[in-house]
Amino acid sequence: MIPHLAISRRRLAFILGGLAMFGPFSIDTVFPAFQLMARDLGVGKVAMQQTISVYLLGYAAMSLFHGPISDAIGRKKVLLAGIAIFTLASVGAALATDMTTMLAYRALQGLSAGVGLIVGRAVVRDALDGDDAQRLMSQISMIFGIAPAIAPVIGGWILGFTDWHGIFWFLAGFGVLLGVLTAWGLPESHPPEARTPLRAGTMLRDYWAMVSNRRFRLLALAGTANFGALFLYISSAPDFVMGLLGLGEQDFVWFFAPTIGGMMLGAFVSGRAAGRITGKRLVEWGFACCGVAAVYNLGYNALVESPSLPWAVLPTALGAFGIALVFPIVTLAILDMYPRQRGGASSMQAFVGLLSNAAIAGLLSPLVSHSGLLLAAVSTCFTLVAYGLWRWYVTHNHPAPL
């Protein structure tokens with residue numbers, strides 16, 4: 001740990017994991033309320049999907065700036081500003097009475113929510129090197145993994161005693177809590193002497209250099225496609241849980257608990273393997289798990305008339321385990337390419353992933369979420385693309401710098 005960052009690794013993991021929860025909490029807590037919101041706002045299923053899509057588009061657009069701004073003025077100021085805006089946007093969404101207003105505040109939530117994950121990654125690399133950084137990244141992934149499992153459960157519980165507006169009040173309260181924890185418990189990890197000026201021309205040149213770098217493209221796209229196989233199911237959760245599985249508004253836990261359990265177990269294994277197993281081998285094991293999950297998922301959905309528990313969620317749990325093995329290694333490899341622009345590298349990686357997620361949520365999910373077999377087939381395609389990109393990266397980099 002670098003000398004100026006006087007904080008225990010456990011507290012650092014706890015705070016950064018909480019900051020990373022912004023994204024999944026903003027999406028998944030609202031899922032149980034989709035039908036009620038659609039009724040009250042006078043819109044249909046496709047329009048409700050756009051509440052995810054505009055959120056992700058805002059998240060993607062601002063993700064290009066969170067990192068470079070934190071490179072220039074420090075991590076903590078950017079984190080606190082993002083938390084404040086997110087909290088105010090959540091209050092606005094709680095007070096919304098029409099779809100236009102709701103979409104505007106969801107976009108504002110997206111513009112601010114990415115600060116926790118993007119700047120948090122840079123803090124990890126500021127603080128630690130090598131295997132220690134992998135262990136911390138894995139610990140954060142374990143904490144982060146709790147959010148998608150408990151968020152829809154919290155959303156369903158809130159609906160048990162109030163309406164959907166209460167979910168956004170909860171998100172506002174969550175923002176206040178994280179703001180207090182960050183202000184009190186997180187020191188500045190990026191000292192003034194290490195900062196780089198924020199200039200539009202320099203930022204554009206840096207980003208162009210990143211997207212022109214074949215190593216960066218292959219790793220960023222491989223990680224994006226790999227997660228896309230799971231995010232297709234996450235963004236389709238209302239149809240998958242209530243439509244295909246025939247469960248209720250408070251039953252999202254049956255999908256999210258095993259899935260996120262797999263992700264948390266994978267993050268735990270990744271942290272324990274740091275320093276004992278090479279990053280390349282761990283990524284290969286992760287893709288092997290994703291491949292087995294994809295084959296099972298296709299076969300199961302081709303053979304049954306309608307999916308059912310527990311068999312329908314086993315492949316997402318195994319796939320999430322594999323993704324959690326791959327993600328920390330790929331992310332650290334990307335950050336290590338640009339030691340002076342870690343915030344910018346984290347931003348560009350997030351931007352690539354978020355554009356993909358926005359397209360999945362807004363365009364792809366509404367087309368395939370009505371069919372278990374279609375979901376399985378498209379998810380398998382994402383896994384195949386991800387592994388193909390990874391093999392291309394390994395083949396053209398001898399040895400692969402991981």
Side-chain angles (χ1 to χ4, degrees), residues 13 17 20-21 23-24 28 117 134-152 219 222-237 240-241 252-274 276-301 307 309-333 353 357 360 375-376 378-387 389-391 402:
M21 284 181 170
D28 299 344
L117 181 62
Q134 181 181 333
R135 291 188 187 97
L136 180 56
M137 191 74 77
S138 297
Q139 289 170 355
I140 292 170
S141 295
M142 289 177 65
I143 299 170
F144 163 75
I146 297 171
I150 65 174
L219 284 176
T224 294
N226 195 34
F227 184 71
L230 178 61
F231 189 76
L232 177 64
Y233 276 88
I234 293 174
S235 62
S236 302
F240 182 69
V241 172
F252 280 75
V253 64
W254 295 109
F255 165 64
F256 281 103
T259 301
I260 303 308
M263 182 170 288
M264 292 178 66
L265 181 60
F268 173 78
V269 171
S270 176
R272 296 290 293 177
R276 304 177 184 180
I277 301 172
T278 66
K280 179 182 175 183
R281 177 170 294 183
L282 207 57
V283 171
E284 293 285 354
W285 288 0
F287 274 118
C289 292
C290 292
V292 171
V295 171
Y296 169 88
N297 202 20
L298 271 178
Y300 172 76
N301 282 281
L309 294 173
W311 316 110
V313 299
L314 291 180
T316 57
L318 180 58
F321 176 84
I323 290 168
L325 293 182
V326 173
F327 178 78
I329 309 299
V330 168
T331 298
L332 289 173
N357 291 346
I360 289 172
L375 278 171
V378 176
S379 178
T380 299
C381 289
F382 276 110
T383 298
L384 289 173
V385 169
Y387 186 63
L389 290 166
W390 164 252
R391 291 309 310 170
L402 288 174

In terms of heavy-atom contacts, Ala225 and Val385 come closest through CB-CG1, 4.2 Å
Enumerate the residue pairs fulfilling salt bridge (charged side-chain N to carboxylate O under 4.0 Å, His left out) with a member in residues 258-270, sequence neighbours excluded, ordered by first and then second residue.
none
For Ser235, check side chain to side chain contact (heavy atoms under 4.5 Å, CB included) against everything at least two apart and list the hits.
Phe231, Ile360, Ala361, Ser365
How far does SG of Cys290 sit from CG of Leu230, to the nearest 0.5 angstrom?
9.0 Å
Looking at CZ of Phe227 and OG1 of Thr383, how far apart are the two atoms once the value is rounded to the nearest 0.5 Å?
12.0 Å
Test log, rule side chain to side chain contact (heavy atoms under 4.5 Å, CB included), inputs Phe287 and Asn226:
CA-CA 8 Å; Phe287 274 118; Asn226 195 34; 3.7 Å; yes
For Val378, what residues pass the side chain to side chain contact (heavy atoms under 4.5 Å, CB included) criterion, not counting sequence neighbours?
Leu232, Leu364, Val368, Phe382
If you look at every heavy atom in Trp390 and Glu284, which pair is closest and at what distance?
NE1-OE2, 3.0 Å
Does Asn297 use its side chain to pair, donor to acceptor, with the backbone of Ala293 at less than 3.5 Å?
no
Look up atom CG in Leu375 and atom CG in Leu298, then write down how far apart they are to the nearest 0.5 Å.
11.0 Å
Taking salt bridge (charged side-chain N to carboxylate O under 4.0 Å, His left out) as the test, write out the residues that go with Arg281, two or more places apart.
none
For a quick test of your reading: what N or O donor-acceptor pairs under 3.5 Å do the side chains of residues 310-329 make, sequence neighbours left out?
from, atom 1, to, atom 2, distance (Å)
Thr316, OG1, Thr259, OG1, 2.9
Thr316, OG1, Val313, O, 2.8

Give a yes or no answer on whether the side chain of Ser270 reaches the backbone of Gly266 with a donor-acceptor pair at less than 3.5 Å.
no
List in chain and number order the residues that pass ring pair (Phe, Tyr, Trp, His ring centres under 6.0 Å) with Tyr233, two or more places apart in sequence or in another chain; answer none if no residue qualifies.
Phe240
Heavy atoms only: give me the nearest Ala222-Leu389 pair and the separation to one decimal.
N-CD1, 3.7 Å
